[in-house]
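Everything below concerns the one structure shown next.
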Amino acid sequence: MSLNIPTLHKIAELKTENSSVKTFTFSAKEIAKESKPGQFVMVWDPGIDEIPISIAHASPDGELGLAIADVGDCSHSLHQKHMGDLIGLRGPYGTGFSINGDRICMVAGGYGAAPLRFAAEQAKELNKRVVVLEGAQSSVDLLYVNEFRDLGCDLRVATEDGSQGYKGLVTELLEELLASEEHLDLVLTCGPELMLKRVCELMRKEKIPTQVSVERIIKCSCGACGACDLGGYRVCKDGPVFDAEALESTEFGRWKREKSGKRIPINPNVSTGKEIEFLSTPPVRFTPEYEPLLKTEVCGIDFPNPIANAAGFGVSGMLLYQYAVAGAGSVVTKSIGLQEREGYPNPTFIEIAPQSYVNAMGLPNPGIKNFKLEIEDAKYADVPLILSIMGKSVEECSEVAKIARNYPIDMFEFDASCPHTEFAAVEHNPKLLTSIVKAIKEIVQPKPVAVKISPNVGDPAGLALTAQRAGADAITAINTVMARPVDKTLDIPLLGNPTGYGGKSGKNLTVGGKQIVFTLYEELKIPIIAVGGIFSAQDVIDYARNGARLFQVGSALVSEGLDVFSGMKKGLTEYLKVNGYKNIGELVGEAHRR
Ligand SMILES: Cc1cc2nc3c(=O)[nH]c(=O)nc-3n(C[C@H](O)[C@H](O)[C@H](O)COP(=O)(O)O)c2cc1C
Ligand code: FES
C-alpha cells in the first residue's frame, strides 16, 4: 500500500439503494486492485470526519463501490454530496473473508449485505454455490437484492414486518435452512452484533466454520491507537473479519466501546432490564522471564526487560496484556484524565513519509474511574504497569492521582507535553508543572513518577530540570513534535483536530530524540526513559549509549506489529553477548564516557 493518507477521488456515480443507503462509486485503481471482500476503506469527508466503510464491490479495472448508510453526522454529510464531488479515500484495511468449500451460506443483516455482495461476487467467480439469507426491518430496507440474484445466488429474504419474504428474523431463516439438512461448508456473516452472535451460536452447534465481520469504533485504522479493541484484538488490523471461535474469548455480543474507550452495552438505547457486566473474559495469567542480559532496575522497580510500549498505543487493558505476552517488559497506559474524553474527529492518524506519522487523537480516554477495568485486565500480565496521567491543573491532576493510587499501578508518568491539545499548556508553564508534579508525588508516594516532555518547548533540558527539581523520579523523552499537515488540493488541514495541529512520531523522531536524550543525560541526575522513533535493536542501543535506561516503542507497532518486542530483545541480546556485556545497564551513558 502507498502512504497511509487520504487521497482525493471524484464520486463517479451515486445510486440510492433503499431508505437509508446510497452506493458511491469511484475510480480508485490503487485501492480496488488490492481489495478483498470483508476489508474496509476510510472515507474522508473533508473538514467533517472520516469513517470506515466496507467494500461492496471492487473490480480489476479500478471501480470501487461503497454502500454508505445515513446513520451519523459524517455519513449524513456524505449523503448530501453529488457526482464529481471530491472525497478522500484510503485503504484497503484489515482482514478479508477466506472463501473455502463448495456450498457457502451468507447471512446479512441491514447494510451488512454490502461486504457480502463483494464476497458473493468472488465466490461466484470461483464457481461456488451460494445461498444468501438477507434480513431487514422492512422491504424498503433490503440492500443489493437484485445484485445477489443477478450473480446467481439463491437469495432468501426475511423482513421483520413481513413486507417481503419470510416474516421474522433472518436467523430464523437460517434455522430453517439448517433444519432442511442442506450441507453447508462455510458461513459468512455481517450485520447487527446480536444477530451475529446468534449466527455464531447456531453454527457452533452445527460445527460449521463461520467467519464474522465485526464493527467497532475506528480511529487510526492501522493498529496504532487501540480504539477498535475487541478483547485484545484490534478490529482494524486483526479484523474486521474473525473466525467465530476467536471471538468466543472476547466480549463480542456483550459490550463494546465508546469513542473514549468507555465500555457500553451493544445496544445502548435498548434496556434489557438486567445489569450488564462489563468484564473481559479472563486470559491466562502471564509471568514474564527476567532475562539476565536485559533485566533492569529503575526507580526501585524490577523490569524483566527494558522495552515497553509508548503511552497512547492502546486504551484497553487487554491490548496491554497482549504487549506483555509479545515481550514488552512493562506496559504504559493511554494518558488518562479525570473526565471521559472522546478525542478529535478523524482523520486522527496519517503517514506523511514511510514510517513517519502525524496524529491528533485528542487524548481520548474513558476517565480514571472507568479505567479501573482496563488496569485489572492489564494486570493479568505480571509486568510493571505504568499509568500515564494528564490534567491541566493541580486540582485535576490531584483528583486523578487520588483515585489511581488505589489501583495496582507500579509507576506513574505525567504527560506534560501532548502538543495538539489544551493540555500542552503545562509544559509551557514551569510553575504549573512544578506544582502538579509535587502534588502527584505527594499523593502517590512511595510510587515513582516520571514526567514526559517534548521538544516543542524551546529548551527541553530546562523543562526536564524543572521536573527534576519538583521531585520527578525519571524523565520520559520525547513526546510527539508539532505539525500541521495540509491537503494541497483543498488547502485545508488533513487532521480532524479543529486547529489542524497534530504531533509527529516514528522515523521523524529517531535522530532528534537520540540527541535530546544525549543532552538530558549530561544535565540530569534522574533516569531517562527514551521514546521517539525506536524501530530496531540498534535504536535501543543508540538511546542506551546516549543515556536512557528504559525504552518505549510506539509507531513501530504500526509498521512492525507486536513482533517488534521479541525482535528487539533478540537483537539486543545478540549485541550484548557478542560485545561481552553482562547486562544492558553497562551500555547506559557509554557515549559520554568515550
Ligand atoms: C496514536 C498516538 C497516540 C498517542 N497518545 C499519547 C498519550 O496518550 N500520551 C502520551 O504521553 N503520549 C502519547 N503519544 C506519544 C507517544 O507516546 C510517543 O511519545 C511518540 O509517538 C513518539 O514515539 P514513537 O516515535 O515510537 O511513536 C501518542 C502517539 C501516537 C502516535
Ligand atoms: S482504530 Fe484500530 S488501532 Fe486505531
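Numbering of ligands and ligand atoms starts at 1, following listing order.
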Nearest-contact summary for [atom] - protein heavy atom, Å:
atom                    : result
atom 8 (O) of ligand 1  : K334 NZ, 2.9 Å
atom 26 (O) of ligand 1 : G554 N, 3.0 Å
atom 21 (O) of ligand 1 : S505 CB, 3.3 Å
atom 1 (S) of ligand 2  : K219 N, 3.2 Å
atom 20 (C) of ligand 1 : T480 CG2, 3.7 Å
atom 9 (N) of ligand 1  : S335 OG, 2.6 Å
atom 1 (C) of ligand 1  : M361 CG, 3.6 Å

Both conditions, 6.0 Å and 45 degrees, for the charged tip of K507 above the ring of F535: are they met here?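 The answer is yes; both the distance and angle limits are met.
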
If atom 4 (Fe) of ligand 2 is the vertex, what is the angle to SG of C220 and SG of C225, rounded to 10 degrees? 100°

How far apart are the closest heavy atoms of [X] and [Y], and which atoms are they?
X    : Y    : value
V71  : S75  : N-OG, 2.9 Å
Q552 : I529 : NE2-CG2, 3.6 Å
G223 : K237 : CA-CD, 4.0 Å
K259 : P364 : O-CB, 3.8 Å
A450 : T476 : CB-OG1, 3.8 Å
F303 : G329 : CD2-O, 4.2 Å

Going by heavy-atom distance to [atom], choose the closest among [options].
atom                    : options                : answer
atom 14 (N) of ligand 1 : G533, G312, A311, G226 : A311
atom 15 (C) of ligand 1 : V553, T348, N479, V358 : N479
atom 17 (O) of ligand 1 : K452, K504, Q552       : K452

Numbered atoms and elements of ligand 1 in range of L509, under 4.0 angstrom, heavy atoms: 22 (C)

Should you measure from each heavy atom of S555, which atoms of ligand 1 turn up under 4.0 Å away?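 Within the 4.0 Å cut-off of S555, ligand 1 contributes 24 (P), 25 (O), 26 (O), 27 (O).
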
Any N, O or S atom of C222 closer than 2.8 Å to atom 2 (Fe) of ligand 2: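 No.
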
Near atom 2 (Fe) of ligand 2, is there an N/O/S atom from C228 that is less than 2.8 Å away?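 Of the N, O and S atoms in C228, at least one lies under 2.8 Å from atom 2 (Fe) of ligand 2, which means yes.
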
At a 4.0 Å threshold, what atoms of ligand 2 neighbour a non-hydrogen atom of [X]?
X    : value
S221 : 1 (S), 4 (Fe)
A224 : 3 (S)
G226 : 3 (S), 4 (Fe)
G223 : 3 (S)

Look at ligand 1 and say whether [X] reaches it with a heavy atom at a distance under 4.0 Å.
X    : result
C220 : no
G506 : yes
I478 : yes
F349 : yes
F313 : yes

For the 3.5 Å polar cut-off, considering only N or O atoms, please tell me whether E413 and ligand 1 meet it. no

Is ligand 1 under 4.0 Å from a heavy atom in the side chain of N359, in the backbone, in both, or in neither?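 The answer is the side chain of N359.
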
Any chance [atom1] of [X] has more than 12 other-residue heavy atoms, nucleotides or ligands included, within less than 6.0 Å?
X    : atom1 : value
E251 : CD    : yes
Y111 : OH    : no
K372 : NZ    : no

Output yes if C236 passes the N/O/S-under-2.8 Å test against atom 4 (Fe) of ligand 2; output no otherwise.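 Within the cut-off used here (under 2.8 Å), C236 places no N, O or S atom near atom 4 (Fe) of ligand 2.
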
Under 4.5 Å between any side-chain heavy atoms of R234 and L319, yes or no?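 Yes, close enough: below the 4.5 Å cut-off.
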
Mind checking whether F242 and F252 have side chains closer than 4.5 Å, heavy atoms only?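 No; the side chains remain at least 4.5 Å from each other.
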
For a side chain to side chain donor-acceptor pair (under 3.5 Å) check, start with the C-alpha distance between N4 and Y357, then their side-chain angles and the critical distance, and finish with the verdict. CA-CA 9 Å; N4 182 8; Y357 308 99; over 6 Å; no

I'd like to know whether V235 forms a side-chain contact (heavy atoms from CB on, under 4.5 Å) with K256, so could you lay out the CA-CA distance, the side-chain angles of the two residues, the decisive distance to 0.1 Å, and finally the verdict. CA-CA 12 Å; V235 168; K256 57 183 182 179; over 6 Å; no

After noting the C-alpha distance and the side-chain angles of K504 and I352, does the key distance pass the side-chain contact (heavy atoms from CB on, under 4.5 Å) rule? CA-CA 9 Å; K504 287 192 274 185; I352 50 171; 4.3 Å; yes

Run R90 and E351 through side-chain contact (heavy atoms from CB on, under 4.5 Å) and show every step you take. CA-CA 11 Å; R90 53 173 162 163; E351 187 180 26; over 6 Å; no

